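All remarks here apply to the structure that follows.
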Amino acid sequence: MRTFRLGGVHPEENKISTNAKIEVFPLPKQAVVFLNQHLGAPATPVVAKGDAVKTGQLIAKAEAFVCANIHSPVTGTVNKIDTMKDIFGYNKTAIVIDVAETEEWVETVDTTPDIKREITLSQKEIIDKMKEMGIVGLGGATFPTHIKYMIPEGKKAEYLLINAAECEPYLTSDHRVILDHTEEVLIGISVLRKALGVPKAYIGIENNKPEPIARLQEMAKQFEGIEVVPLKVKYPQGAEKQLIYSITRRCVPSGKLPIDVGCVVNNIGTAFSVYEAVQKNKPLIETIMTVTGKSLGQQHNYVVRIGTPFSDLANAIGGLPEDTCKIISGGTMMGKAIVNIDGPIVKGTSSMLLISEKEAYRFEEQDCIRCGKCVKACPMGLEPYLFSSLINNGKFQEAADNHLMDCMECGCCLFSCPAHKPLTDEIRLAKTKLRQMQQKK
Amino acid sequence: MKLLNVSGSPHVHSGESVKRIMWDVNIALIPLLLTAILFFGFDALFVCLVSVASCLLFQWLIEKFLLKTKTTITDGSAIVTGLLLAFNLPSNLPLWIVVIGALVAIGIGKMSFGGLGKNPFNPALVGRVFLLISFPVQMTTWPRPLGICNIFANGAVDATTGATPLAAFKEAVKAGGSIDLPSLMDAFLGHMGGSLGEISALAIIIGGIYLLCRKVISWHIPVSFIGTAFVFGAILWLCNPNMYMDPVHVILSGGIMLGAVFMATDMVTSPMSKWGQVVFGIGCGLLTIIIRNWGSYPEGVSFAILLMNACVPLINKGFKPKRFAK
């Protein structure tokens, strides 16, 4: 079984929502659509207060290089363009749309349920279409997808890797999208393969998903150049550099990108949205989300319109369970705890995870006993214990000299620390500090 | 509405704790305690009890009255120190000396640096070496082990005392003679003179396997330590079998097994990276053989480990873990 070499941990998998089919979540009363839902610069609004918008209509345009178009996820009237709080409490500019009673899609979108198999667009047209439809990576980083396919001069893409590892505990949206939309996903991968112009695409998937693996392997036979690669269950199997190593045995050096070793990596959820964008002309206006938690009677996987507030999800499941202590957007290892439940869903939101007091409990911090468990757990081969002592002594530059910036904040060190030191928190702090120091120079 | 908790990721923990690690070490020491009682009678048990009790007491007193912090005696680390100290002492050592050893181990070896995790040297060994230098006679008079059936035949224990195989061998070589070493089976099971916990290789291996399974230790230090001692010992023995002990007896007698499995692997005082640990183990093995053969003491494990403890910061600097893509 293929896997990565250094470090890694085995958190409880808790994939309790795998059997919940993807349901369509009802439209919100008001949609809050941020101008910045992706890595890079915010988009520029092309609608004004009072404008009527249709579902799928362009409402904010990408003008910078690293940016993505934003489309209206609902039909209705623009109420205001104003500063709103996101789920983490940050102020961002948003287009707020009051939702109309009847939904009307933009005419160009193919809303029929038929599967369109034939790929008619050319390589360049596909990339332009992804850009036009505002496709961003749904694996977490929300990097505009079309940029990955504009290969810089002197570089050559050899492999397309599709990340279906879903190594985060609890999350099942990738699992479900494979089962519920197997063919669409595979068509999406073929589209991406054409866009990249490579002969082969590999789907990396953790071995704890036998059903999706079997389904993909069965159906991939009808497709050219798609291979399913089961991977060992080990967190963070789905981290980009680890996934590339597991599948191709190539190492992306420090500070380099996957394309430097001839790879382009996309999430399997992205492949599905690429199918919808390229084949059905549907912009990225919804996201597939897992709504899960151990205290929840019913587990859910929803397809939710962007702009829907988290509180709508909470109401739909009958309110938060009594013992809810933390709500996490993402998985338990890298997800973020939310502070504002009225904040909206954005591109790339993959879950609403409800964690009980007991599960989220953080034990009292003790002195480091130098056991080296953090060093053993680190998939990048770094020394978290050393960072901790350097950071606490204000030696940020020395921490950087020990390759602090290679850290991807996967959380393996804090997860395995017997002294319960907040290693990942300290490293995150130092990375921010070092970026500031860099900017000042 | 109830307020939500917020923190950075990750939001779950493996459940590992310092306490669990320390209690795992204590569990792994049980076979050693049993063999000590088996071969040295209840004297051995008293030494252990006094050592553990005084370690706990001194840690509590220091934390309560000197440092004025919350007590940490429940984390099990003082018991580890107490047991390891006792296992490095002869069973007939006067108990007041044991108490002094515990005071030095906990007071100077551990708490003076700030407590668990901050001590550069293995506290139990600090205590033992202090006693060895201060009370050389008492510390090097060992009772002969009892037969397995004689545990309850009390009184016989103090009657016969003698040197360990290492000391006897060294004396004999100096005098130009030779001695009969214990049979390999006796040496493996522990039927020979020595400190409480070091005699039975079998018990140590059982404890070591438990620690390996619980991932408290890795194989790097024990294997490199014992392996180096074996190879170095074998080279010397092949050069001159009359002057040097055969390598199997080298690793089975004295404290090499105990040191390699339980003392050198102490997390706090050993290197972080795998290669650092191998270097550390090799250093311990080399120094042990050098001190045994050319030093004035018949046994060198304690000194070897303490000397290598002092090198740990340097080793950590020089032997970094392998980074991704490097």
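Here is how names work: the chains are called A, B, and so on, in the same order as the sequence lines, proteins then strands, and each is numbered from 1. From a predicted model like this one, the values you see are computed outputs, not experimental measurements.
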Under 4.5 Å heavy-atom distance to chain B, tell me which part of [X] shows up: side chain, backbone, both or neither.
| X | result |
| --- | --- |
| A:I355 | neither |
| A:E168 | neither |
| A:Y385 | side chain |
| A:L6 | side chain |
| A:Y245 | side chain |

Taking [options] one by one, which has the highest count of heavy-atom pairs under 4.5 Å against chain B?
| options | value |
| --- | --- |
| A:E383, A:K256, A:E409 | A:E383 |
| A:K326, A:H10, A:R250 | A:K326 |
| A:A419, A:C417, A:P379 | A:C417 |
| A:P253, A:G335, A:P11 | A:G335 |
| A:C371, A:G330, A:G372 | A:C371 |
| A:R362, A:K241, A:M334, A:H403 | A:H403 |

>> To check you understand the geometry: which heavy-atom pair defines the closest contact between A:I341 and A:F310, and what is its length?
In response: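 What the structure gives for the nearest pair is O-CB, 3.2 Å.
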>> Taking the basic N atoms (NZ, or NE/NH1/NH2) and the acidic carboxylate oxygens, is any pair closer than 4.0 Å for B:K326 and A:D406?
In response: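 Here B:K326 does not pair with A:D406 in a salt bridge, since their nearest N and O are not under 4.0 Å apart.
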> Does the B:S9 side chain pair with the main chain of A:K336, one donor and one acceptor, at a distance under 3.5 Å?
Replying inline: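 No, because the side chain of B:S9 does not come within donor-acceptor range (under 3.5 Å) of the backbone of A:K336.
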>> Keeping B:K110 on the side-chain end and B:T81 on the backbone end, is there a donor-acceptor pair under 3.5 Å?
In response: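 No: the side chain of B:K110 does not pair with the backbone of B:T81.
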> Do A:T349 and A:S329 have side-chain N/O donor and acceptor atoms under 3.5 Å apart?
Replying inline: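 Side-chain D/A pair, A:T349 to A:S329: absent.
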> With A:L390, which residues qualify under side-chain contact (heavy atoms from CB on, under 4.5 Å), at least two apart?
Replying inline: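 So A:L390 forms a side-chain contact (heavy atoms from CB on, under 4.5 Å) with A:L386, A:K395, A:E398, A:A399, A:N402.
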> Who among B:E16, B:R323, B:M267 has the most heavy-atom pairs with chain A under 4.5 Å?
Replying inline: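 Heavy-atom pair counts peak at B:R323.
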>> Given heavy-atom pairs under 4.5 angstrom as the criterion, report whether the side chain, backbone, both or neither of B:I21 touches chain A.
In response: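 For B:I21, side-chain heavy atoms alone lie under 4.5 Å from chain A.
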>> As an exercise, state the distance from CG of A:L414 to NZ of A:K421, rounded to the nearest 0.5 Å.
In response: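 One finds 10.5 Å between CG of A:L414 and NZ of A:K421.
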>> Tell me which one of B:I217, B:L212, B:V25, B:N122 satisfies side-chain contact (heavy atoms from CB on, under 4.5 Å) with B:T265.
In response: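 Looking at B:I217, B:L212, B:V25, B:N122, the match for B:T265 under the side-chain contact (heavy atoms from CB on, under 4.5 Å) is B:I217.
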> Does A:Y90 OH have over 12 foreign heavy atoms under 6.0 Å away?
Replying inline: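 At most 12 heavy atoms, drawn from other residues, nucleotides or ligands, come within 6.0 Å of this atom.
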